[in-house]
Colleague: 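Have a look at the structure that comes next, please.
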Amino acid sequence: MSLLKNGILWKDVHGEPIHAHGGYIIFHEGYFYWYGEDRRENYYVSCYRSANLTDWEFRRHVLTTQSRMQGYRVRTTMQLVNEDGNKVNLERPKVLYNQKTGKFVMWVHYENGKNYHDAAVAVATCDTPDGDFVYHGHFNPYGYMSRDCTLFQDDDGTAYFISASRDNADLHMYRLTDDYMNVEKLVHRLWQGEYREAPAVVKIDGKYYMLSSFCTGWAPNQGKYAMADAMEGDWSTLTEIGDETTYQSQPAFIIRWKGRVLYYGDRWGGDGSRYFESGYVVYPLALEGDRLVMEYVDQIEL
Ligand code: GAL
């Protein structure tokens with residue numbers, strides 16, 4: 001077993017840099033699949049696979065400018081290249097496996113590649129975890145703005161999409177339809193005016209914890225978390241976690257593995273100008289009494 005050094009751009013098993021920023025990991029049939037932003041060439045989302053969370057094998061550029069498109073709902077815009085012929089922006093891709101349909105469903109923040117005014121979410125699906133995803137276009141849930149986002153799947157299969165709305169001032173939580181293809185209900189408008197971004201949810205001992213960052217672009221800031229007894233129940237106010245830069249990171253996602261709770265964050269390169277050098281961190285989370293704490297570690301063995 002090897003150690004992962006925090007804060008650097010990790011390499012895959014072939015020594016190539018892993019480009020899976022703002023990502024998400026799911027476990028499926030013996031493997032972890034890591035999806036994330038890959039902004040090189042004509043790529044949007046890449047997928048890597050590992051059995052141990054350390055040795056990652058590149059699988060595919062699962063979403064690119066060339067991805068197949070297929071509409072599925074009204075008022076969805078299908079555009080993987082903008083009017084100027086440039087790439088659009090697809091950020092923070094998250095993927096869940098839907099037991100009922102057998103599909104892997106991706107939700108990802110969409111912008112037009114020129115500015116951040118669309119504040120929309122795009123959906124894509126695939127029959128396998130690491131195949132070519134079919135792009136289903138972008139929309140604004142119930143007309144709302146939707147920027148930094150995450151997905152969370154509860155034990156009973158109920159899934160939620162959480163995203164920054166009202167110019168990032170409020171964090172919206174939507175319950176998804178059974179097939180994870182659409183929003184079914186706006187269940188919460190959380191922390192009004194607190195400007196929370198980069199949400200990530202984990203369930204520990206039957207309670208739900210949501211980490212998020214403040215809104216300072218690529219620069220890291222003080223992480224905060226909140227707790228609830230149920231996703232659709234009342235969420236607490238925000239409590240600080242980590243230090244004033246969340247140990248130089250912004251939340252990507254949280255997973256549970258071998259009895260540990262593992263926070264994954266992005267350490268963005270500079271002010272975004274060194275985006276392609278952006279690295280990754282994993283910090284263990286633990287409950288101390290009823291407080292969630294983040295442990296700073298230089299390196300970690302998973
Ligand atoms: C961050 C956000 C990133 C990206 C960046 C652009 O706040 O979390 O995903 O959108 O802003 O400036």
Side-chain angles (χ1 to χ4, degrees), residues 7 9 18-25 34-40 43-46 63 82 86-95 106-124 138 140-141 144-152 161-173 190-191 193-201 210-226 238 241-242 244-254 263-281 283 294:
L9 186 56
I18 296 175
H19 284 292
H21 309 282
Y24 202 68
I25 286 179
W34 180 3
Y35 305 88
E37 294 170 20
D38 188 341
R39 301 192 185 207
R40 296 171 301 165
Y43 315 143
Y44 285 128
V45 180
S46 286
L63 199 65
N82 67 23
N86 295 321
K87 283 173 78 178
V88 300
N89 238 354
L90 293 177
E91 299 186 344
R92 299 185 174 273
K94 314 292 167 189
V95 176
M106 179 189 299
W107 286 58
V108 55
H109 173 195
Y110 173 98
E111 300 289 355
N112 60 26
K114 293 178 269 190
N115 53 49
Y116 274 73
H117 298 170
D118 282 82
V121 61
V123 175
H138 71 265
N140 295 94
Y144 287 114
M145 295 174 90
S146 179
R147 291 207 181 106
D148 273 20
C149 62
T150 195
L151 288 173
F152 177 75
F161 174 68
I162 297 152
S163 71
S165 196
R166 198 163 68 89
D167 263 319
N168 306 337
D170 309 339
L171 199 58
H172 282 192
M173 181 190 293
L190 297 165
W191 308 300
E194 301 253 18
Y195 290 87
R196 305 313 297 170
E197 286 199 323
V201 180
M210 196 190 309
L211 267 70
S212 58
S213 74
F214 185 52
C215 190
T216 53
W218 300 108
N221 55 58
Q222 174 72 62
K224 293 188 181 180
Y225 78 94
L238 297 158
I241 187 165
E244 68 278 4
T245 63
T246 319
Y247 306 127
Q248 296 289 331
S249 75
Q250 191 180 25
F253 58 93
I254 304 165
Y263 159 93
Y264 281 69
D266 294 288
R267 186 172 293 175
W268 301 114
D271 50 2
S273 53
R274 291 189 291 111
Y275 173 88
F276 291 101
E277 294 163 38
S278 299
Y280 309 103
V281 306
Y283 299 134
M294 180 181 284

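Whatever order the structure lists ligands and atoms in, that order sets their numbers, starting from 1. In what follows, every heavy atom counts, from backbone to side chain, and hydrogens, waters and symmetry copies are set aside.
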Colleague: Give a yes or no on whether the backbone of Thr246 and the side-chain of Tyr283 come within a donor-acceptor separation of less than 3.5 Å.
Modeller: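 It does not hold such a pair.
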Colleague: Quick test of your reading of the structure: of Gly217, Pro220, Cys215, Pro251, whose heavy atom lies closest to atom 1 (C) of ligand 1?
Modeller: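 The residue whose heavy atom sits nearest atom 1 (C) of ligand 1 is Gly217.
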Colleague: Tell me, which protein residue and heavy-atom name are nearest atom 12 (O) of ligand 1, and how many Å apart are they?
Modeller: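 Here the nearest protein heavy atom works out to Trp218 NE1, 3.5 Å.
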Colleague: Under 4.0 Å between a side-chain nitrogen and a carboxylate oxygen: does that hold for Glu111 and Arg147?
Modeller: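 Salt bridge between Glu111 and Arg147, a charged N being under 4.0 Å from a carboxylate O: yes.
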Colleague: Check the side chains of Asn112 and Asp118 for a donor-acceptor pair under 3.5 angstrom, ignoring hydrogens and angles.
Modeller: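 There is such a pair between these side chains.
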Colleague: With heavy atoms of Glu197 as the reference, note each atom of ligand 1 found under 4.0 Å away.
Modeller: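 In order of number, 1 (C), 2 (C), 7 (O), 8 (O).
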Colleague: Numbering the atoms of ligand 1 from 1, which are under 4.0 Å from a heavy atom of Tyr116?
Modeller: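 Ligand 1 atoms under the 4.0 Å threshold to Tyr116: 6 (C), 10 (O).
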Colleague: Please round to the nearest 0.5 Å and tell me the distance separating atom CE of Met145 and atom CZ of Arg166.
Modeller: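 If we round to the nearest 0.5 Å, Met145:CE and Arg166:CZ are 10.5 Å apart.
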Colleague: Side chains of Tyr275 and Arg39: donor-acceptor distance under 3.5 Å anywhere?
Modeller: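 Present: a donor and an acceptor within the cut-off.
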Colleague: How does Arg92 reach ligand 1, by side chain, by backbone, by both or by neither, if only non-hydrogen atoms under 4.0 Å count?
Modeller: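 Only the side chain of Arg92 comes within reach of ligand 1.
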Colleague: Pro199 and Met210: which non-hydrogen atoms are nearest, and at how many Å?
Modeller: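 Nearest heavy atoms, Pro199 then Met210: CB-SD, 4.2 Å.
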Colleague: Could an N or O of ligand 1 be found under 3.5 Å from any N or O of Asp148, whether backbone or side chain?
Modeller: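 There is such a contact, yes.
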Colleague: Taking the minimum heavy-atom distance to atom 10 (O) of ligand 1, which of Glu111, Arg147, Glu91, Gln250 ranks first?
Modeller: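 Shortest heavy-atom distance from atom 10 (O) of ligand 1: Glu91.
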